[in-house]
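Accompanying notes for the structure given below.
Chain letters run A, B, ... following the sequence lines, proteins first and then strands; every chain starts at 1.
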Amino acid sequence: MTNDSESDVDDTPVHRYGAALARSIEAKWQDRWETDRTFWTPNPAGRLLDEPNADRAALPKLFVLDMFPYPSGAGLHVGHPLGFIGTDVYARFQRMNGHNVLHAMGMDAFGLPAEQYAVQTGTHPAVTTEANITTYRRQLRQLGLGHDPRRGVSTTDVHYYRWTQWIFLQIFNAWYDRSADRARHVDELDAELGAGTRLPDDDGAPWAERNALERRAYIDSKRLAYVGEAPVNWCPGLGTVLANEEVTADGRSERGNFPVYKRPLKQWMMRITEYADRLLADLDDLDWTESIKLMQRNWIGRSEGARVDFEVVGHDQAISVFTTRPDTLFGATYMVLAPEHDLVDHIVPNDWPDGSDLVDVDTGRLGNWRGVFGAARTPAEAVHAYREFAAAKSDLERTSDSREKTGVFTGAFAINPTNGAVIPIFIADYVLMGYGTGAIMAVPAQDERDWEFAEAFDLPILRTVQPPDGWDGKAFAGDGPAINSHNDAVNLDGLGVADAKRTIIQWLETTGAGEGTVNYKLRDWLFSRQRYWGEPFPIVYDEHGPRALPESMLPVELPEIADFAPTTSDDPDALPAPPLARAEQWVDVELDLGEGPRVYRREVNTMPQWAGSCWYYLRYLDPTNEDAMVDRSTEQYWSRTPDGQLGNGTVDLYVGGVEHAVLHLLYSRFWHKVLYDLGWVSTPEPFQRLYNQGYIQAYAYTDERGMYVEASEVDERDSTFWHDGVEVKREYGKIGKSLKNVVTPDEMCEDYGADTFRMYEMFMGPLDQSRPWNTRDVVGVHRFLQRLWRNCIDESTGAARVSEASAPDELRRALHKTIDALRTDYPALGFNTAIARLFELNNALTKHVEAAGAAPREVAEAMILMVAPLAPHVAEELWERMGNHGSLAYSSFPVADPTLLIDDTVEVPCQINGKVRAKLVVAADIDATALEAAAKADPKVAEHLAGKTIVKAIVVPGRLVNFVIKP
RNA sequence: GCCCGAGUGGUGGAAUGGCAGACACGGCGGAUUCAAAAUCCGCUGCUCGAAAGGGCGUGUGGGUUCGACUCCCACCUCGGGCACCA
């Protein structure tokens with residue numbers, strides 16, 4: 001439809017607040033903030049102590065942080081900036097509330113997509129990354145976020161990753177002193193070993209008798225960053241190995257959904273397990289949601305129990321198991337090792353045992369034990385066949401195979417230390433090598449899995465906990481008195497589970513058959529990736545192993561190479577091939593590491609994307625420091641609480657998505673604790689208050705073929721949806737190209753302005769909840785800003801229209817109640833209700849302006865200051881037009897007059913039997929007696945009470961009256 | 001399977017023991033307009049009633065209480081996390 005009539009008259013007032021005016025105001029103030037350095041946040045000393053805000057360093061600090069974004073090629077959609085706007089509103093409020101607020105935004109710019117794009121197009125990842133960062137910065141700038149532009153570091157910047165490498169060196173050069181329960185420099189370990197004040201704990205020769213290589217191997221084995229050969233998650237589809245945290249429950253890569261295989265490979269590991277206890281315990285002092293704490297607790301997976309050693313018949317090596325139920329030890333009727341357990345090959349006998357003295361040959365039990373694999377002539381063959389069977393199963397099959405128990409008898413036997421019972425040893429894939437010792441004692445009577453296995457293999461079941469009456473007969477894992485659990489030295493019978501555990505652990509420790517222990521699910525962090533676009537390790541190899549480069553040789557810059565692609569494959573047996581290995585000129589390097597110039601080979605793996613994001617918040621504090629990761633006194637300033645004490649966590653408020661619950665947040669806490677132990681930072685935790693913003697999703701529409709149609713072209717008619725004359729079905733999902741439902745901040749800024757967009761995102765609902773985007777609703781907040789503008793500005797002249805007359809009492813009271821509400825809502829991030837309060841006040845102000853012709857200055861100015869955190873551009877403009885000079889960014893937030901918060905009269909509901917029948921207007925300070933009398937005097941109430949008996953009268957002054965009556 | 005979280009009008013949501021549905025969208029009616037709306041005003045939970053007024057109502061069923069969206073128990077549905085973790 002075109003409208004080409006020449007006679008069209010646009011009678012919209014010239015100075016009405018619409019999209020065009022909003023855009024011009026926003027551009028003006030964004031430029032002004034930039035040239036005036038409005039959001040340059042001063043450090044107390046040293047670098048970044050600049051005018052114009054230098055004196056603010058004397059104020060209490062507040063460190064507000066967003067999880068920094070990965071700048072993807074697609075740019076931002078409306079879902080991305082939700083948290084960024086939230087922190088900006090909070091930061092702007094706190095600036096007006098007397099804090100020196102640090103708020104900045106960097107870029108987490110290493111990562112796979114740029115590398116994959118590079119592979120497809122031949123563009124260098126650095127070029128792609130820079131272009132994407134430019135787009136992101138432009139998109140973020142137009143939102144009017146009050147970031148300090150000097151602090152927005154990029155992880156790909158060599159001035160940044162030089163310090164990522166430096167931190168790696170700190171970790172590499174540290175070991176965990178369990179007696180002191182903290183990390184220390186390995187030089188101290190070396191010194192103590194040399195002085196004999198500490199003894200090596202590896203059963204090797206005395207320290208003095210070891211040669212230099214042996215000593216080096218020992219020290220290397222203690223480092224917090226080490227090269228380990230362990231079964232790792234190898235993802236040939238991505239051409240790289242992955243951390244446990246990056247693999248989904250069904251055995252696929254979180255990114256790309258490729259199959260992942262366990263393969264023993266030599267890789268860099270970080271000894272995060274040494275911090276398991278502290279990572280767990282220190283959660284208690286953090287202001288995080290319980291659900292995130294719970295996810296971390298579950299991931300760390302601490303469980304208390306015991307290690308028990310079982311002698312193997314005919315061998316001198318014992319099998320150690322971990323159990324959380326040592327109280328059931330008497331009921332252990334067989335053992336199971338993980339198929340890949342080291343001891344399996346040692347204990348497997350040459351031939352199947354002669355079963356005559358061990359089992360009842362008539363029942364054929366030994367045959368059952370052998371299972372389907374036992375047809376093999378020898379145990380070794382059976383074990384081999386089973387291992388092949390188990391290894392061929394992917395993790396997905398292993399979990400989806402309805403958990404049917406499979407396994408094979410090894411032909412070997414162990415001895416139950418409590419009663420000397422000779423029990424068979426199996427291998428089965430329901431025992432995992434990666435947890436505990438990779439071996440279990442099986443107690444079918446009290447463990448469901450063991451019960452299932454025992455049934456399948458016809459193994460004996462001995463109850464050692466009395467199940468309750470009426471128990472249906474399967475494994476009983478609950479509490480109850482111990483039975484069948486005594487020998488000459490210890491008697492558990494009759495004890496409850498907890499007491500029985502305590503007693504048996506004591507016995508185990510006395511006899512040396514075991515000890516109480518704690519076990520964790522958490523594994524060491526696999527830290528190397530076979531990728532190009534990541535931080536190179538500051539490591540070279542000599543013929544004996546890894547050597548750290550000295551700090552003076554940092555940074556180790558990424559070399560230029562022709563082909564960035566990781567070598568990907570469908571073949572699970574393909575080997576990792578790091579792209580950096582192709583940089584032959586770079587790999588072999590002549591260095592003097594103290595023994596004269598020699599040729600070394602560089603580490604060709606790179607660090608995972610998590611490395612750069614582990615510590616970026618620290619670099620925000622001192623981004624230009626070339627001498628240190630962060631200056632100590634600067635770090636301490638930003639770590640102090642308002643009362644001057646060093647805080648528990650450096651960042652006061654951290655906002656980001658819940659998807660980082662165990663990945664980034666665990667790794668980052670770990671690095672921070674290492675840096676804390678080594679004296680580089682002064683708080684034990686990085687993030688004091690964590691807030692998880694929800695997600696914005698959007699409707700998507702499919703036609704009759706199930707194809708997505710462009711969501712912006714769909715019309716709604718009476719709850720049905722139409723695209724191009726065809727009815728379509730509405731769905732709901734992630735914003736993205738594939739669902740054809742992308743809405744960008746750029747469109748919103750174009751159509752309504754950034755202030756409207758910001759405010760709409762904050763008004764949609766509580767910040768921590770997910771909700772659907774609905775462009776139709778945006779107009780509501782736009783109208784609000786338009787009315788606010790009209791209340792302050794003459795739409796025909798553009799001049800301010802305020803009166804110096806004082807506001808009427810009712811309006812003034814409404815103002816102060818709003819101030820009071822906002823001072824509660826803003827710190828609590830309750831922006832949706834804050835906005836509702838502002839709407840109400842503005843509606844009241846509008847009524848007044850309609851009647852009186854102008855807004856009283858006291859109301860208008862307070863209103864502008866209160867709106868400023870949410871809609872800063874229009875607030876600045878109004879503030880200026882009202883005759884104020886300079887930015888309002890640091891103006892004081894209005895303070896409510898407490899005397900105006902209390903009304904003279906209040907409306908009190910009066911209920912009869914819990915139903916509201918009347919509303920009484922009474923003096924606010926009326927007492928109960930008078931209130932009850934007033935209620936009875938109300939004609940409506942009197943009518944209901946007439947002829948009835950009042951059984952009870954509940955009178956709550958100022959709240960309500962309730963009469964309980966009967967006929 | 002286990003562990004968390006959430007279910008309120010047509011829609012987003014408000015109210016954390018005391019008037020359910022603030023605020024906003026949409027809808028309806030009116031003003032303005034040749035016509036419009038990113039303008040202004042009014043109404044808008046469902047239901048019975050001409051009205052006055054009444055009844056019902058926060059996933060379902062029970063309970064505690066003078067009073068429950070709110071607290072307790074059981075269940076249903078949806079979302080998230082973990083998943084043979086000994």
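- Computed from coordinates, the A:Leu329 CG to B:A86 P distance equals 17 Å when rounded to whole Å.
- Syn is the classification of B:G9, since its glycosidic angle stays within 90° of 0.
- Residue order along RNA chain B, read from the 5' end via each residue's closest nucleotide, puts A:Tyr699 first among A:Tyr699 and A:Gly438.
- The only option from A:Asp309, A:Leu337, A:Ile440, A:Val336 that meets the side-chain contact (heavy atoms from CB on, under 4.5 Å) definition with A:Ile319 turns out to be A:Leu337.
- When A:Val778, A:Val78, A:Val781 are each tested for a side-chain contact (heavy atoms from CB on, under 4.5 Å) with A:Phe757, only one passes: A:Val78.
- Aromatic ring orientation, A:Phe763 versus A:Phe839: tilted (interplanar angle from 30° to 60°).
- Rounding to whole angstrom units, CE of residue A:Met441 and P of B:C84 are separated by 20 Å.
- Where A:Lys952 and A:Glu840 each meet RNA chain B at their nearest nucleotide, the meeting point lying more 5' is that of A:Glu840.
- The aromatic rings of A:Tyr334 and A:Phe426 sit perpendicular, their planes meeting at an angle over 60°, well past the 30° parallel limit.
- At a threshold of 4.0 angstrom between heavy atoms, the contacts of A:Asn913 with the nucleic acid are absent.
- For the residue pair A:Tyr701 / A:Asn741, no side-chain donor-acceptor distance below 3.5 Å is found, with atom types taken as modelled.
- Here B:U32 presents its P atom at 16 Å from CD of A:Glu850, a figure rounded to the nearest Å.
- Using a 4.0 Å heavy-atom criterion, one finds that A:Glu907 contacts the bases of the nucleic acid, with or without backbone contacts as well.
- Heavy-atom neighbours of A:Glu659 CD from other residues, nucleotides or ligands within 6.0 Å: above the threshold of 12.
- We find that CD of A:Gln693 is positioned 20 Å from P of B:G5, with the value rounded to whole Å.
- Using a 30° and 60° split on the angle between ring planes, A:His664 and A:His660 fall in the perpendicular class, above 60°.
- Between A:Gln786 and the phosphate of B:A38, there is no side-chain N or O to OP1/OP2 separation shorter than 4.0 Å.
- Among the atoms of the strands shown, only primed sugar atoms or phosphate atoms (P, OP1, OP2) are found under 4.0 Å from some heavy atom of A:Arg917.
- Under 4.0 angstrom from either OP1 or OP2 of B:C40 there lies at least one side-chain N or O belonging to A:Arg790.
- Applying the 4.0 Å criterion to OP1 and OP2 of B:G26, one finds that A:Arg783 has a side-chain N or O inside that range.
- Among the heavy atoms of the strands lying under 4.0 Å from A:Ser770 are primed sugar atoms or P, OP1, OP2 only; no base atom is included.
- Within 4.0 Å (heavy atoms only), A:Arg307 reaches no atom of the nucleic acid at all.
- As rounded to whole Å, 21 Å separates atom P of B:G1 from atom CH2 of A:Trp451.
- Using a 4.0 Å heavy-atom cutoff across all strands shown, A:Leu294 reaches sugar-phosphate atoms only and no base atom.
- As judged by a 4.0 angstrom heavy-atom cut-off over every strand, A:Lys847 is placed among residues touching the sugar-phosphate backbone only.
- Among the atoms of the strands shown, base atoms are found under 4.0 Å from some heavy atom of A:Ala19.
- A:Arg297 comes within 4.0 angstrom of no nucleic acid atom, judged by non-hydrogen atoms across all strands.
- The nearest whole Å value for the distance from the CD atom in A:Glu452 to the C1' atom in B:A86 is 14 Å.
- For the P atoms, the distance from B:G63 to B:C69 is 15 Å, rounded to whole Å.
- Closest to the A:Asn962 side chain, of the nucleotides B:C40, B:A86, B:G18, is B:G18.
- Comparing atom distances between the A:Leu960 side chain and each of B:G18, B:A15, B:A86 picks out B:G18 as nearest.
- Among the nucleotides B:G26, B:G18, B:G12, the one closest to the side chain of A:Pro772 is B:G12.
- Within the 4.0 angstrom heavy-atom criterion, only backbone atoms of the sugar-phosphate kind lie near A:Asn843; the bases stay farther away.
- Rounded to an integer number of Å, the gap from CD1 of A:Ile292 to P of B:G5 is 13 Å.
- For the pair A:Arg730 CZ and B:G12 P, the computed distance is 9 Å after rounding to whole Å.
- In this entry B:U39 has B:A31 as its Watson-Crick or G-U wobble partner, both defining distances falling under 3.5 Å.
- Residue contacts shown for A:Glu290 are absent, as no nucleic acid heavy atom lies under 4.0 Å away.
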